[in-house]
Amino acid sequence: QVQLVESGGGLVQAGGSLRLSCAASGRTSSTYAMGWFRQAPGKEREFIAAITRTGGTTYYSDSVKGRFTISGDNAKNTVTLQMNTLKPEDTAVYYCAAVALATKYSGTYVYTRPRSYDYWGQGTQVTVSS
């Protein structure tokens, strides 16, 4: 099992920045990748970014590419999402998620799909005012 805890959400004005962190504990060595998703009221959970544990390959959604940066620290078992030039449409609950190696090797893993992720944090609210 892997436990994930997000931190760093809050209220910021449009154009500002926030830094989200996700602390992982438990069997972190059994994970293949970690990702960030967000969900606004009445909308589906949306992929934001992902990073592989080995090699640090990153993936971004078009909506945040160039504004958000995902990074990982395997020694500290943390993943960070630096969010710059925030817009009101970025307002949502942001979730950290992790993919197990077993899921990756099952051939079913799609990094943009929430159902591909095995572990989830409780979420942290990000609100961007106009």
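Predicted, not measured: the structure shown is a model, and the values here were computed from it.
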So do the side chains of [X] and [Y] get within less than 4.5 Å of each other, counting heavy atoms only?
| X | Y | answer |
| --- | --- | --- |
| Tyr60 | Ile48 | no |
| Asp90 | Arg38 | yes |
| Leu4 | Cys96 | yes |

Nearest 0.5 Å, please: how far is [atom2] in [Y] from [atom1] in [X]?
| X | Y | atom1 | atom2 | answer |
| --- | --- | --- | --- | --- |
| Leu81 | Leu18 | CG | CG | 10.0 Å |
| Arg115 | Arg45 | CZ | CZ | 13.0 Å |
| Thr28 | Gln3 | OG1 | CD | 10.0 Å |
| Thr31 | Asn74 | OG1 | CG | 7.5 Å |
| Asp118 | Tyr32 | CG | OH | 13.5 Å |

Could you please spell out the steps behind the side-chain contact (heavy atoms from CB on, under 4.5 Å) verdict for Met34 and Cys22? CA-CA 9 Å; Met34 294 182 70; Cys22 176; 3.7 Å; yes
Counting only N and O atoms by type, is there a donor-acceptor contact under 3.5 Å from the side chain of Thr91 to the main-chain atoms of Thr127? no
With side chain to side chain contact (heavy atoms under 4.5 Å, CB included) as the test, pick out the partner of Arg53 among Leu101, Val79, Asn77, Val99. Asn77
Arg113, CZ: over 12 other non-hydrogen atoms inside 6.0 angstrom: yes
Where do Lys65 and Asp62 land on the salt bridge (Lys or Arg N to Asp or Glu O under 4.0 Å) test, with the steps shown first? CA-CA 5 Å; Lys65 196 174 295 182; Asp62 288 342; 3.4 Å; yes
Does [X] belong to the same Ile/Leu/Val/Met/Phe/Trp/Tyr cluster as [Y], with side-chain heavy atoms less than 4.5 Å apart forming each link?
| X | Y | answer |
| --- | --- | --- |
| Tyr119 | Tyr117 | no |
| Ile51 | Tyr109 | no |
| Tyr95 | Phe68 | no |

Atom of [X], atom of [Y] and distance for their closest heavy-atom approach:
| X | Y | result |
| --- | --- | --- |
| Leu86 | Arg67 | CA-NH1, 3.9 Å |
| Glu6 | Gln122 | OE1-OE1, 2.9 Å |
| Met83 | Val126 | CE-CG2, 3.9 Å |
| Thr52 | Ala33 | CA-CB, 3.9 Å |
| Pro114 | Trp120 | O-CZ2, 3.4 Å |
| Ser130 | Ala14 | CA-CB, 4.4 Å |

Would you please test Glu46 and Ser63 for side-chain contact (heavy atoms from CB on, under 4.5 Å) and show each step? CA-CA 10 Å; Glu46 174 192 12; Ser63 61; 3.4 Å; yes
Run the side-chain contact (heavy atoms from CB on, under 4.5 Å) test on Val110 and Ser116 for me, step by step, so that the C-alpha distance in whole Å, both residues' side-chain angles and the decisive distance to 0.1 Å come before the verdict. CA-CA 6 Å; Val110 177; Ser116 283; 4.0 Å; yes
Using the ring pair (Phe, Tyr, Trp, His ring centres under 6.0 Å) rule, pick out the option among Tyr111, Tyr94, Phe47 that qualifies with Phe37. Phe47
From CA spacing to verdict: side-chain contact (heavy atoms from CB on, under 4.5 Å), Thr80, Arg19: CA-CA 7 Å; Thr80 299; Arg19 187 180 180 91; 3.5 Å; yes
